[in-house]
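I have placed the structure first, in the form of structure tokens, so that the comments after it can refer back to it.
Below, each value reflects all heavy atoms present in this structure, side chains not excepted, and no hydrogens, waters or symmetry copies. The model shown is predicted, which means the values in this text are computed figures rather than measured ones.
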Amino acid sequence: MRRKSYIRREILELPLFLLIFGVFSASTIFPAIFALTTQDHLASRAFFYSGLLGVFIFTLIAVAHAGRRARHGALGPLMSLFSSFVFLPALLAIPFLEALPTTRFLHAYFDMVSAITTTGATLFDDPGRISDTLHLWRAQVAWMGGLLMWIAASAILAPLHLGGFEVTSQAEPGNPDERRSNMGQIDPRQRLLRSAAALTPTYLALTLLLWVLLLANGDRSLVALCHAMSVLATSGISPLGGTHDTGVGFGAEAMMMLFMLFALSRLTFSKDTVTATQGGLFTDPEFRMGLALILGVPVVLFVRHFLGAFDVDASAEALETGSAFWGAMFTVTSFLTTTGFVSASWAEAQSWSGLETPGLILMGLALIGGGVATTAGGVKLLRVFALYRNGVREMERLVHPHSVSGAGQAGRRLQSNGAFIAWIFFMLFALSLAGVTLLLTFVGAPFADALVMSVATLATTGPLMEFAADAPIELIQLGDGAKMILCAAMVLGRLETLAIIALLTPDLWRA
């Protein structure tokens, strides 16, 4: 018993990046077994040997590290998270490249960065180009990347007041607020263990439940599993190339939309975030704002038909009404949560509204994004809400300059300091968007395509590249420089600009 406790303690003392590397290496056993059952022996050997090599490297470094005590600085876990998004995809791309020898390492690396950051962009426009095993691997890496962000939000970003937590905190972003709690004195490993133990069973249970529900609605086993993992991770990865024009029925879409709501607010499954004291889910500003957008945008598109946008055959109008509204509502929910799935009825919704290319609507929804401490990307609903409350308060002061806000202490902090930090983040996001767009145009991409690709990568919504532009953007035709810029943009969008700036602060490294 003592020996087991000693081994467990030594493992937990390993560098965080090494632990993440070990978990991802061991996870290759699942696609290896799947490939073996489907008689895909090349892929089975590739994943088995790659996982075996990864576990061997992990064991070798773990033995060499035995007896050493890691120094837990304020930004050590954040740096490990950054390394996981930058360096780990290079290792995950090895079995991908071995199972698909006709591609290049850069292409495999791009797909793994896209997967682990839950962006969902791919260089392989034809789903038949890659095998079912590789489809499963992409969805699995994205699912594990989403779980990594779930855990990191509570254990790494929350104590440093990053990732949206800075909006309602009193400390500066990147600094633990020891006046309010002793979280800065707790071993980061303990926070990680507690968060992982609390969130992993929930994440796994929700994924399995959605998988069963999709199977009950007639989806194939692999398709249902990949879609379930993609919805929970908001990655939008599908072995069918998407949910549009692929035979996915209304029941399956309804189940996926229900589980997408988990990305609107962490209060749907947890009460450890900054808005947990607001009185419950339906008083949570993020969830209410998300529902308002999910219902409001389809209503606007729906009403636009009656404002004379175009004419439609009266006999077909009654049949298309329901499917058009549903297609708009599902697609709006999907892009607001940065999942990127498109409804099979989206064509009817476009026809009904009269909008040939509603790319700006989808891009705007993806930029807003989902809730704080969820797998969704974008600016985040809480930051948008803080800016909205600040705007309302400023208009009140125009009418009554000496009025006092009745929002309470937390509400006043959200209206002032929270809105100020949210505005700073919004400006940083806008600068990042402009910078990525300019870099892409410098390497030869057209401006319109560069703008769409920048929004898609920074908002971690890869399917925007297919549906937001006039024509789908073929990433495979981009140069190597553009592909590397997109990889950097995906990491920046997943980890956020404030976290990158915090990593560059010398004073925090001396803590």
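- Side chain of Ser230 to main chain of Ile237: a donor-acceptor pair is present (N/O by atom type, distance under 3.5 Å, no hydrogens or angles).
- A donor-acceptor pair is defined here as one N or O able to donate and one able to accept, closer than 3.5 Å; no such pair exists between the side chain of Gln140 and the backbone of Phe30.
- The closest donor-acceptor contact from the side chain of Ser114 to the backbone of Phe110 lies at 3.5 Å or more, if one exists at all.
- Using a 4.5 Å heavy-atom threshold, the side chains of Phe24 and Pro89 count as separate.
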ask   = Should His227 and Phe259 be marked as a side-chain contact (heavy atoms from CB on, under 4.5 Å) after you check the CA-CA gap, both sets of side-chain angles, and the distance that decides it?
value = CA-CA 11 Å; His227 285 175; Phe259 280 77; over 6 Å; no

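- Applying the salt bridge (Lys or Arg N to Asp or Glu O under 4.0 Å) test to Glu496 and every residue at least two apart in sequence or in another chain returns Lys380, Arg383.
- Within the model, atoms OG1 of Thr437 and CG of Asp449 stand 11.0 Å from one another, a figure rounded to the nearest 0.5 Å.
- Remark: side-chain polar atoms of Ser265 are not paired, donor with acceptor, to backbone N or O of Phe287 under 3.5 angstrom.
- For the pair Tyr203 (side chain) and Trp143 (backbone), a donor-acceptor distance under 3.5 Å is present.
- Taking CG of Leu240 as the start and CZ of Phe341 as the end, the distance is 9.0 Å to the nearest 0.5 Å.
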key: From CA spacing to verdict: side-chain contact (heavy atoms from CB on, under 4.5 Å), Thr460, Met490   = CA-CA 6 Å; Thr460 65; Met490 286 187 281; 6.0 Å; no

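- A 6.0 Å sphere centred on CZ of Phe426 holds no more than 12 heavy atoms belonging to other residues, nucleotides or ligands.
- Contact detail for Ala224 and Leu215: the closest heavy-atom pair is CB-CD2, 3.9 Å.
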request  = Determine, stepwise, if the pair Thr122 / Leu475 fulfils side-chain contact (heavy atoms from CB on, under 4.5 Å).
outcome  = CA-CA 8 Å; Thr122 181; Leu475 298 178; over 6 Å; no

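- Nearest heavy atoms, Met453 versus Ala445: CE-CB, 4.0 Å.
- Of all heavy-atom pairs spanning Pro127 and Pro239, the tightest one is CB-O, 3.5 Å.
- Note that the CG atom of Leu381 and the CG atom of Leu336 stand 5.5 Å from one another [nearest 0.5 Å].
- Considering all non-hydrogen atoms of both residues, Leu264 and Glu286 come closest at O-CB, 3.6 Å.
- Ring pair Phe330/Trp346: centre-to-centre distance not below 6.0 Å.
- Ring planes of Phe429 and Phe425: tilted class, angle from 30 to 60°.
- Between Thr331 and Phe467 the shortest side-chain heavy-atom distance does not fall below 4.5 Å.
- Put simply, the side chain of Ser432 reaches to within 4.5 Å of the side chain of Leu492, judged on heavy atoms.
- Shortest non-hydrogen contact noted between Leu192 and Ala155 is CD2-CB, 3.4 Å.
- The closest donor-acceptor contact from the side chain of Thr337 to the backbone of Ser334 lies under 3.5 Å.
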message = Please determine whether side-chain contact (heavy atoms from CB on, under 4.5 Å) holds for the pair Leu495 and Ile500, giving the CA-CA distance in whole Å, both sets of side-chain angles, and the decisive distance to 0.1 Å.
response = CA-CA 7 Å; Leu495 202 53; Ile500 302 297; 3.8 Å; yes

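- Side-chain atoms of Ser235 do not come within 3.5 Å of backbone N or O of Ala233 as any donor-acceptor pair.
- Within the model, atoms CG of Asp219 and CG of Leu213 stand 11.0 Å from one another, a figure rounded to the nearest 0.5 Å.
- In this structure a side-chain-to-backbone donor-acceptor pair under 3.5 Å is present from Thr375 to Leu232.
- When all heavy atoms of Ala419 and Leu387 are compared, the pair lying nearest together is O-CD2, 3.6 Å.
- Thr441 places a side-chain N or O within donor-acceptor distance of the main-chain N or O of Leu438, the cut-off being under 3.5 Å.
- Remark: of the listed residues Thr457, Thr119, Thr118, Thr118 is the sole one forming a side-chain hydrogen bond (donor to acceptor under 3.5 Å, both in side chains) with Arg494.
- Trp211 places a side-chain heavy atom less than 4.5 Å from the side chain of Ser221.
- Side-chain contact between Phe124 and Asp111 is present, with at least one heavy-atom pair separated by less than 4.5 Å.
- Rounding to the nearest 0.5 Å gives a distance of 5.0 Å between CZ of Phe85 and CE of Met149.
- Taking CG of Leu440 as the reference point, atom CG of Leu451 lies at 10.0 Å (rounded to 0.5 Å).
- Between the side chain of Glu253 and the backbone N or O of Ser343 there is no donor-acceptor pair closer than 3.5 Å.
- Put simply, the side chain of His161 does not reach to within 4.5 Å of the side chain of Ile421, judged on heavy atoms.
- Under the 4.5 Å side-chain criterion, counting only non-hydrogen atoms from C-beta, Leu261 is in contact with Ile294.
- Between Met144 and Val23 the shortest side-chain heavy-atom distance falls below 4.5 Å.
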